[in-house]
Structures are given as C-alpha cells and as structure tokens.
Participant: 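My structure is below; once you've seen it, I'll send some questions.
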Amino acid sequence: MSSIQVIDRAMGLMQVMSRASGPLSLSRLAQAAELHTASAHRILGALIAHGLVEKTGIGEYDLGVRWLEVGNRLRARLNIRQVAMPHMQTLAEATGETVNLIVRRGDEVVYIERVTGGQTMIQVVQVVGAHAPLHVTAVGKIFLAEDSASAVMAYAERTGLAKYTANTLTTLDALNAELLEVRQSQLAHDREEAELGVACLGAPIRDAEGKLVAGLSISAPAERHKTGWSTALKMAAAHIGTAIGYQAQPE
C-alpha cells in the first residue's frame with residue numbers, strides 16, 4: 001500500500017467518525033469506510049499515536065482531542081483577518097502607506113490581507129495571495145527568527161538563499177546575524193532585499209498560547225520610511241495579538 005493510499009484511507013476513517021453521533025466499533029468503522037478490518041485497525045493505531053483518534057474503554061473509536069488544537073489554531077488564523085483590519089486601517093492612515101497581514105506557508109510568507117494608506121504618490125501594493133521567500137521579507141525574518149539554528153540552516157540549504165537584489169542576505173552568517181537582531185528587537189527590516197526601492201518593517205503577532213501566528217508589515221518606497229513607524233507598527237501588532245488572546249510577559 002502506498003503512502004498516498006494510506007492517507008486516503010485514514011481520511012476516509014476520520015470522515016466517518018466526524019459524521020457519526022458518537023464512538024464507533026472497529027467493524028462499523030471499517031464497513032463504513034469500505035476497508036478490511038485489519039487495514040482499518042492498523043491505520044487507527046497510527047492515528048491514535050498522533051492523538052487524532054481515541055479508543056474508548058469499551059473498544060470503540062472517536063476523534064481525538066488533537067483536533068481541538070488544530071481547530072483552535074485554524075479558527076485563530078481565519079479570524080485574525082477580521083480582528084486585524086481596524087488596527088491595519090489605523091496604521092495605514094497614520095503612515096499613509098500599505099500595511100500587510102502575513103502568515104507563513106513552509107519556506108514562504110503569504111499575504112492574506114492588506115490596507116492601502118492615503119499617499120497620492122507611488123505606493124507599494126502587495127497583492128493578497130502573493131508569496132515570497134522568508135529571507136527577503138521583513139515578516140519572513142520574524143518567522144525565521146522563531147526557528148532553531150538547525151532549522152534556519154536547513155532553510156538556507158533548501159533554498160540556497162536566492163539573491164533578488166544586491167541587498168539580499170545570501171550567506172548563512174549574514175542571515176543569522178540579522179535574525180539575532182530580530183530576536184532582540186522583535187522587529188525586522190527588509191532593506192530593499194526583495195525589490196530595489198522598496199523597504200519594509202515587520203512585527204510579530206502571537207496568539208493566546210504565545211505562538212507566532214502572523215506578522216504585520218509596512219511597505220513603502222525606501223526614501224519615505226520614517227523612524228517613528230517602528231513604534232506604531234509594534235503597537236498595532238501587539239493590539240492584534242491581545243485581541244486574539246496573547247498576554248505579554250512582564251519584562
């Protein structure tokens with residue numbers, strides 16, 4: 001049986017359990033999922049090991065509590081756009097520039113929401129759904145700074161730290177030095193590293209468990225950046241985090 005087949009059959013079993021009004025016996029599960037009992041038993045054993053399925057005291061099966069964690073994280077990600085919008089609008093109005101809400105997807109960041117400021121001159125507009133490598137974006141560096149040293153090294157090896165402009169960080173030493181500053185300041189910069197003429201500031205957004213779930217950034221032509229934006233950005237990101245349950249630890 002291929003790994004794809006195993007995944008398909010595991011999903012079939014979980015779909016049966018999700019539709020059921022309560023725990024099911026092995027035989028009923030196998031029949032409903034159109035699987036041999038032995039195959040269903042092996043797959044359920046693996047799902048139990050990962051907390052995705054639980055076995056009751058009378059030998060029946062039901063969805064595991066791990067799905068609560070998955071659901072909570074997904075709900076936070078889906079809701080964060082609505083929660084973040086008023087804070088993004090306030091920040092965009094204050095700076096006159098584009099404000100982005102960004103999440104991580106593997107080795108890239110994905111722009112999931114944006115608000116454009118009131119500048120009548122050239123604006124930097126990131127398209128919702130656009131994506132970019134972690135090491136060339138401010139929020140991407142926020143996510144990389146959360147990773148372990150070995151994970152950052154693995155990212156560098158996988159991607160080769162592709163060069164986009166003369167300012168792109170293309171060595172592991174340079175990237176690690178930058179990430180150290182990000183960890184200390186909880187603020188990241190894109191100094192025309194993805195596109196010449198465009199600079200960004202990024203700040204983290206954490207959920208009720210303190211996990212980094214998104215980042216907020218200001219994108220603008222490099223010559224228009226102002227020192228005061230850093231404070232305003234961090235404050236807006238903190239307000240969003242508070243709204244989804246994050247409680248900052250006292251220093």
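FYI, the numbering just counts along the sequence from 1.
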Participant: Would Y164 end up clustered with L172 when hydrophobic side chains under 4.5 Å apart are linked, directly or stepwise?
Facilitator: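 Different hydrophobic clusters.
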Participant: Is a side-chain N or O of T95 found less than 3.5 angstrom from the main chain of L91, in a donor-acceptor match?
Facilitator: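 It does hold such a pair.
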Participant: With rounding to the nearest 0.5 Å, note down the distance linking CG in L179 to NZ in K141.
Facilitator: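 Interatomic distance, L179 CG to K141 NZ, rounded to 0.5 Å: 8.0 Å.
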Participant: Would you call S148 and M153 a side-chain contact if the rule is heavy atoms closer than 4.5 Å?
Facilitator: no
Participant: I'd like to know if the side chain of R104 reaches the main chain of G106, judged simply by a donor and an acceptor atom lying under 3.5 Å from each other, with no hydrogens or angles considered.
Facilitator: yes
Participant: Under the rule for side-chain hydrogen bond (donor to acceptor under 3.5 Å, both in side chains), what residues qualify as partners of N176, not counting sequence neighbours?
Facilitator: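 Not a single residue meets the side-chain hydrogen bond (donor to acceptor under 3.5 Å, both in side chains) criterion with N176.
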Participant: Less than 4.5 Å apart, any side-chain heavy atom of T56 and any of Y61?
Facilitator: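 They are not in contact (no side-chain heavy atoms under 4.5 Å apart), so the answer is no.
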Participant: Does a side-chain heavy-atom distance below 4.5 Å link L24 with E60?
Facilitator: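 SC-SC contact between L24 and E60 ruled out.
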Participant: In the structure I gave you, are the side-chain heavy atoms of E178 and R191 within less than 4.5 Å of one another anywhere?
Facilitator: yes
Participant: Looking at residues at least two apart in the chain, or sitting in another chain, which of them share a side-chain contact (heavy atoms from CB on, under 4.5 Å) with E108?
Facilitator: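 Scan of E108 (side-chain contact (heavy atoms from CB on, under 4.5 Å), adjacent residues dropped) gives R105, H131.
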Participant: Are M85 and L233 grouped together when hydrophobic residues (ILVMFWY) are joined by side-chain heavy atoms under 4.5 angstrom apart?
Facilitator: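 Per the 4.5 Å side-chain linkage, M85 and L233 are co-clustered.
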Participant: Are the side chains of V109 and V103 in touch, meaning some heavy atoms are under 4.5 Å apart?
Facilitator: no
Participant: Between T168 and T170, do the side chains contain an N or O donor and an N or O acceptor separated by less than 3.5 Å?
Facilitator: no
Participant: Do L144 and L175 touch side chain to side chain, with heavy atoms closer than 4.5 Å?
Facilitator: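 The answer is yes; the side chains approach within 4.5 Å.
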Participant: Any sub-3.5 Å donor-acceptor pair from K234's side-chain atoms to S185's backbone N or O?
Facilitator: yes
Participant: Within this structure, what is the NZ-CD1 distance for the pair K55 and I48, rounded to the nearest 0.5 Å?
Facilitator: 6.5 Å
Participant: Pair H225, H189 - check side chain to side chain contact (heavy atoms under 4.5 Å, CB included), show working.
Facilitator: CA-CA 11 Å; H225 274 249; H189 297 263; over 6 Å; no
Participant: I'd like to check Q186 versus I142 (side-chain heavy atoms, cut-off strictly below 4.5 Å). Are they in contact?
Facilitator: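 A side-chain contact under 4.5 Å is absent here.
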Participant: Please determine whether side chain to side chain contact (heavy atoms under 4.5 Å, CB included) holds for the pair Y111 and T137, giving the CA-CA distance in whole Å, both sets of side-chain angles, and the decisive distance to 0.1 Å.
Facilitator: CA-CA 11 Å; Y111 295 79; T137 64; 4.1 Å; yes
Participant: Could you see if M235 belongs to whatever hydrophobic cluster contains V83? Use Ile, Leu, Val, Met, Phe, Trp, Tyr and a side-chain cutoff under 4.5 Å.
Facilitator: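 M235 and V83: separate clusters.
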Participant: Do you know the tightest heavy-atom contact between A30 and A40?
Facilitator: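 Taking every non-hydrogen atom into account, CB-CB, 3.9 Å.
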Participant: Testing the 3.5 Å rule here: is there a donor-acceptor pair between the side chains of Q247 and R206?
Facilitator: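 No, no side-chain donor-acceptor pair sits under 3.5 Å.
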Participant: How about CZ on R66, more than 12 heavy atoms from neighbouring residues, nucleotides or ligands closer than 6.0 Å, or not?
Facilitator: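 At most 12 heavy atoms, drawn from other residues, nucleotides or ligands, come within 6.0 Å of this atom.
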Participant: Taking all heavy atoms of A203 and all of A237, pick out the closest pair and write down the distance.
Facilitator: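 Result for this residue pair: CB-CB, 3.9 Å.
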Participant: Does D207 reach the main-chain N or O of K211 with its side chain, forming a donor-acceptor pair under 3.5 Å?
Facilitator: yes
Participant: Output all residues satisfying side-chain contact (heavy atoms from CB on, under 4.5 Å) with A194, sequence neighbours left out; order by chain, then residue number.
Facilitator: V136, D190
Participant: Who are the side-chain hydrogen bond (donor to acceptor under 3.5 Å, both in side chains) partners of E192, not counting sequence neighbours?
Facilitator: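 Checked E192 against side-chain hydrogen bond (donor to acceptor under 3.5 Å, both in side chains); zero matches.
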Participant: Spell out, yes or no, whether I7 and L63 are grouped together once hydrophobic residues are joined by side-chain heavy atoms under 4.5 Å, including indirect joins.
Facilitator: yes
Participant: Taking side chain as C-beta onward, heavy atoms only, is L169 less than 4.5 Å from L161?
Facilitator: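 No. Closest side-chain heavy atoms not under 4.5 Å.
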Participant: How long is the straight-line distance from OG1 of T37 back to CZ of R28, given to the nearest 0.5 Å?
Facilitator: 13.5 Å
Participant: For E223, does the CD atom sit with more than 12 other heavy atoms under 6.0 Å from it, leaving out its own atoms?
Facilitator: yes
Participant: Of all residues at least two apart in sequence or in a different chain, which pass the ring pair (Phe, Tyr, Trp, His ring centres under 6.0 Å) check with H87?
Facilitator: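 In terms of ring pair (Phe, Tyr, Trp, His ring centres under 6.0 Å), with neighbours along the sequence ignored, H87 is linked to H239.
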Participant: Taking side chain to side chain contact (heavy atoms under 4.5 Å, CB included) as the criterion, tell me which of N100, I102, I80 meets it with I112.
Facilitator: I80
Participant: With sequence neighbours left out, write down each residue that passes side-chain hydrogen bond (donor to acceptor under 3.5 Å, both in side chains) with D62, or none if nothing qualifies.
Facilitator: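 Not a single residue meets the side-chain hydrogen bond (donor to acceptor under 3.5 Å, both in side chains) criterion with D62.
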Participant: Same cluster for L196 and L201 if Ile/Leu/Val/Met/Phe/Trp/Tyr side chains link at under 4.5 Å?
Facilitator: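 No, L196 and L201 fall in different hydrophobic clusters.
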Participant: Under 3.5 Å, side chain of Y155 to main-chain N/O of H135, donor-acceptor pair present?
Facilitator: yes
Participant: List the steps and the verdict of side chain to side chain contact (heavy atoms under 4.5 Å, CB included) for V65 and E54.
Facilitator: CA-CA 8 Å; V65 295; E54 292 180 348; 3.3 Å; yes
Participant: Look at the side chain of W229 and the backbone N and O of I218, then say whether any donor-acceptor pair between them is shorter than 3.5 Å.
Facilitator: no
Participant: Check for a donor-acceptor pair, side chain of Q31 on one end and backbone N or O of L29 on the other, with a separation under 3.5 Å.
Facilitator: no
Participant: Does a side-chain N-to-carboxylate-O contact under 4.0 Å join E34 and R9?
Facilitator: no
Participant: Check the side chains of D107 and T159 for a donor-acceptor pair under 3.5 angstrom, ignoring hydrogens and angles.
Facilitator: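 There is no such pair (donor and acceptor under 3.5 Å, judged by atom type) between the side chains of T159 and D107.
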Participant: With side chain to side chain contact (heavy atoms under 4.5 Å, CB included) as the criterion, how do V99 and S217 come out once you've worked through the C-alpha distance, each side chain's angles and the decisive distance to 0.1 Å?
Facilitator: CA-CA 6 Å; V99 175; S217 76; over 6 Å; no
Participant: Could you give the distance from CG (L216) to CE (M88), rounded to the nearest 0.5 Å?
Facilitator: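 Nearest 0.5 Å value for the CG-CE distance: 6.0 Å.
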